[in-house]
Amino acid sequence: IDVKKIRNFSIVAHVDHGKSTLADRLLEITGTIKPGAENAQVLDQLQVERERGITVKAVTASLNYTYNNETYLLNLIDTPGHVDFSNEVVRSITACQGVIMLVDANEGIQAQTVAVYSLAKKNNLLIIPTLNKVDLPRADPAKVKSQLHSLFKIEPDSVMSISAKRGWGVKELLEAVITRIPPPSVDTKGHFRAHVIDTWHDKYRGVLCLIYIHSGKVQVGQAVKWKSDLKPHTVKFLAMLRPSEDPVEEAVAGQVVMVGCGPKAGGKVGDQLLAKEVGDDDEGSSAPPVKHMVYAGIFPADQSQHPQLSDSIKKLALNDSAVTVTPDSSPALGQGWRIGFLGLLHLEVFTQRLLQEYKAEAILTAPSVPYKVKIKGAKAIKQYKGDEVIVTNPLLLPDVKNIEEYYEPFVIGTIITPVEYIGAVTTLCHDRRGTPLPSNAVDDNMTMLQYVLPLSEVVIDFHDTLKSITSGFASFDYQDYGFHPSALVRMDILLNGILVDELSTIVHTSRLEYNARRLTEKLKEMIPRQMVQVAIQAVVGGKVLARETLKAYRKDVTAKLYGGDVTRKKKLLKQQAEGKKKMRSVANIRIPRNTFIDVLKR
Ligand code: GTP
């Protein structure tokens, strides 16, 4: 295939603006799938996607389309819409030369439209601005065109209008893809070099990779190696995805294809697959590294399930390159892992997939954001192997006397809201420790507000709260703004004077009193009464901020059994002993396991 006849593109949009529906229409119009309702959203293959109605994994489809008597190969890379999955968008964009940017002609520009537009601009991609849902009676194409002009300086006559649902304008849109988006600029003559944009696990064939070929060509049977370890492998499987596998013998620069090098060969997103002959000084581009926004512990429901859960997490992490997995352990929960996620929805989807695709039962601890501290003193710097430490678990915070400065992660939040809610939104952002940036009018009724916000105030329930105070009309998206100095402290929980290390948290000083009170009250509710009185204290550096007292109570399960039924009595004592195993003991105070999982959740 001639590289001039290849177009690699993606559809980007705010959630629900119609990406999957348009992808279905494109597949139909190119004869890739048969028209009909039973094909609805063929690209959303995962069970969790069908249940939640959102796209999680990016899936690719290669389409053939004839225009002016020439056959083109159009590689459509479907991308997820939610903020948490912007990692997938970034990866697929590295293989694209253009995007179709969909905007709902009824809703108009939303926060995520702004985010995907900036991303496409930053990557020098050609943008085809496209209004969708023009069939809706309330669609207002003229208004949305003027929004596109006022925010992005997009000329109204370059904007396409379609109804993905009814198929209106879709043929013209495909032609715009061919005439406006440039072919990939690649080196067809050089040695084979490709980068991995996705991986997944196949029971029989091992790791399968979706690759974008930068230079040369690849054939079944060819000798190749990974850039990361230079180990030799042989290409065993090669296929185009339409979106089901269509085996091919050869693929050339500019193409997006699936390769497999056998069960033991491995393969990681961001790595490069190279011809055996390529020198190891070779550069080539790869996807930017992933930034984790949320960390949580995952533990098996029962320690005997540890090996099975370990295996499932490994396989799922391979398909979801956005997570990082490190071993973790706790006296209360046993051996487990600390996992880094892009956001809360990502965390939920990961555990749901673990359950559905791998049938693994797991316990999740409360999520937290990563913090950073600057270390002082030569000895401490040596001990921590540098003067900066990223803290993903409050327990691992270095000794306070070695800390020179604390930093917390911030984001730039973009909110698009009807003007009547500006007051409520401003109050919410202020409550969440936000600092306003200049705002922009989207049109007479809508405004774009931007705030610098601490990530910890955003990840938990910011989006839901924003939706509820604006009756669902405001939209929100965020971009990373890096670490900045902040007034943080570590707050500990003591039970009768003994530190319970799983319950330590890192807190902003303005939130200290509130958190101390809330946590001690919640613990009082959650811990059952004990034989002795229990003092629950929240402390910072030895100073008590809040205290609750749990009164003593003797629970004698055999008290009701007078008479001499020994077997019955034994059975009850045995049950009680088993109950104890599910508890964590701190200074003879027994705490149910779920306390550690639930107490830190809002
Ligand atoms: P995510 O994958 O969650 O980001 O959503 P999406 O952007 O893929 O949106 P999807 O294709 O799932 O469409 C969202 C809703 O809009 C669905 O109920 C579609 O049926 C509907 N829809 C999509 N395109 C059109 C259209 O042209 N007209 C009308 N009336 N409805 C549409």
Side-chain angles (χ1 to χ4, degrees), residues 9-29 33 35-61 76-93 99-117 119-120 127-141 144-145 159-174 176 243 342-346 348-349 352-353 416 463 467 472 475-478:
F9 70 104
S10 183
I11 307 170
V12 294
H14 190 76
V15 164
D16 281 346
H17 282 197
K19 287 182 303 291
S20 307
T21 309
L22 175 60
D24 284 352
R25 279 308 86 68
L26 294 181
L27 262 59
E28 280 172 18
I29 212 173
I33 57 168
E38 73 275 16
N39 290 320
Q41 315 224 324
V42 285
L43 293 183
D44 287 353
Q45 288 170 343
L46 303 172
Q47 189 185 349
V48 33
E49 294 184 350
R50 294 221 181 257
E51 281 174 14
R52 289 172 180 255
I54 52 166
T55 309
V56 176
K57 285 291 298 176
V59 180
T60 296
L76 159 65
I77 300 169
D78 187 35
T79 55
H82 192 272
V83 282
D84 275 9
F85 301 102
S86 54
N87 172 64
E88 300 271 342
V89 183
V90 173
R91 268 203 276 132
S92 39
I93 267 177
V99 295
I100 297 173
M101 181 174 86
L102 284 186
V103 185
D104 185 322
N106 172 34
E107 270 199 358
I109 291 180
Q110 299 290 299
Q112 212 180 331
T113 318
V114 180
V116 293
Y117 176 83
L119 190 68
I127 297 167
I128 304 178
T130 306
L131 305 186
N132 187 29
K133 310 196 188 182
V134 295
D135 58 305
L136 289 175
R138 296 181 44 152
D140 190 347
V144 182
K145 281 183 189 174
V159 179
M160 310 289 294
S161 289
I162 65 164
S163 163
K165 191 166 178 175
R166 300 186 190 267
W168 302 347
V170 174
K171 204 164 147 265
E172 290 75 9
L173 181 59
L174 265 182
L342 301 172
L344 272 199
L345 181 66
H346 183 208
E348 272 176 41
V349 166
Q352 197 178 337
R353 287 185 66 188
I416 292 191
H463 200 195
K467 284 281 176 197
S475 60
F476 174 69
D477 198 356
Y478 60 76

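Counting starts at 1 for both ligands and their atoms, in listed order.
Residue Ala164 places at least one N or O, backbone or side chain, under 3.5 Å from an N or O of ligand 1. For Leu136, no nitrogen or oxygen atom sits less than 3.5 Å from a nitrogen or oxygen atom of ligand 1, counting backbone and side chain alike.
Of all the heavy atoms of Leu102, none lies under 4.0 Å from any atom of ligand 1, so neither backbone nor side chain is involved. Contacts with ligand 1 closer than 4.0 Å are made by side-chain heavy atoms of Asp135 only, the backbone lying farther away. Both the backbone and the side chain of Lys165 come within 4.0 Å of ligand 1, counting heavy atoms alone. Using a 4.0 Å cut-off between heavy atoms, Thr21 contacts ligand 1 through both its backbone and its side chain.
Summarising the geometry, atom OG belonging to Ser163 is positioned 12.0 Å from atom CG belonging to Leu131; distances are rounded to the nearest 0.5 Å. Put simply, CG on Asn106 and NE2 on His17 are 9.0 Å apart, with the number rounded to the nearest 0.5 Å. In this structure, Ile416 CD1 and Ile109 CD1 are separated by 6.5 Å, a value rounded to the nearest 0.5 Å. Ile162 CD1 to Thr21 OG1: the interatomic distance, rounded to the nearest 0.5 Å, is 9.5 Å. Distance check, rounded to the nearest 0.5 Å: CD1 of Ile100 to CG of Leu173 gives 4.0 Å.
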TODO: May I have the step-by-step check of side chain to side chain contact (heavy atoms under 4.5 Å, CB included) for His14 and Asp104, ending in yes or no?
DONE: CA-CA 8 Å; His14 190 76; Asp104 185 322; over 6 Å; no
- [ ] Could you go through the side chain to side chain contact (heavy atoms under 4.5 Å, CB included) check for Leu76 and Leu27 one step at a time?
- [x] CA-CA 9 Å; Leu76 159 65; Leu27 262 59; 4.2 Å; yes
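Interface of Val15 with ligand 1, defined as ligand atoms under 4.0 Å from a residue heavy atom, comprises 4 (O). Below 4.0 Å from some heavy atom of Ser163 lie the following atoms of ligand 1, by number and element: 26 (C), 27 (O), 28 (N). Close approach of ligand 1 to Ser20 (heavy-atom distance below 4.0 Å) involves ligand atoms 2 (O), 6 (P), 8 (O), 11 (O). Heavy-atom contacts of Lys19 reach the following atoms of ligand 1: 4 (O), 6 (P), 7 (O), 8 (O), 9 (O), 11 (O) (cutoff under 4.0 Å).
Partners of Asp140 according to the salt bridge (Lys or Arg N to Asp or Glu O under 4.0 Å) rule, which considers only residues two or more places apart in sequence or in another chain, do not exist here.
Taking only non-hydrogen atoms, the option from Arg166, Arg25, Lys133 nearest to atom 22 (N) of ligand 1 is Lys133.
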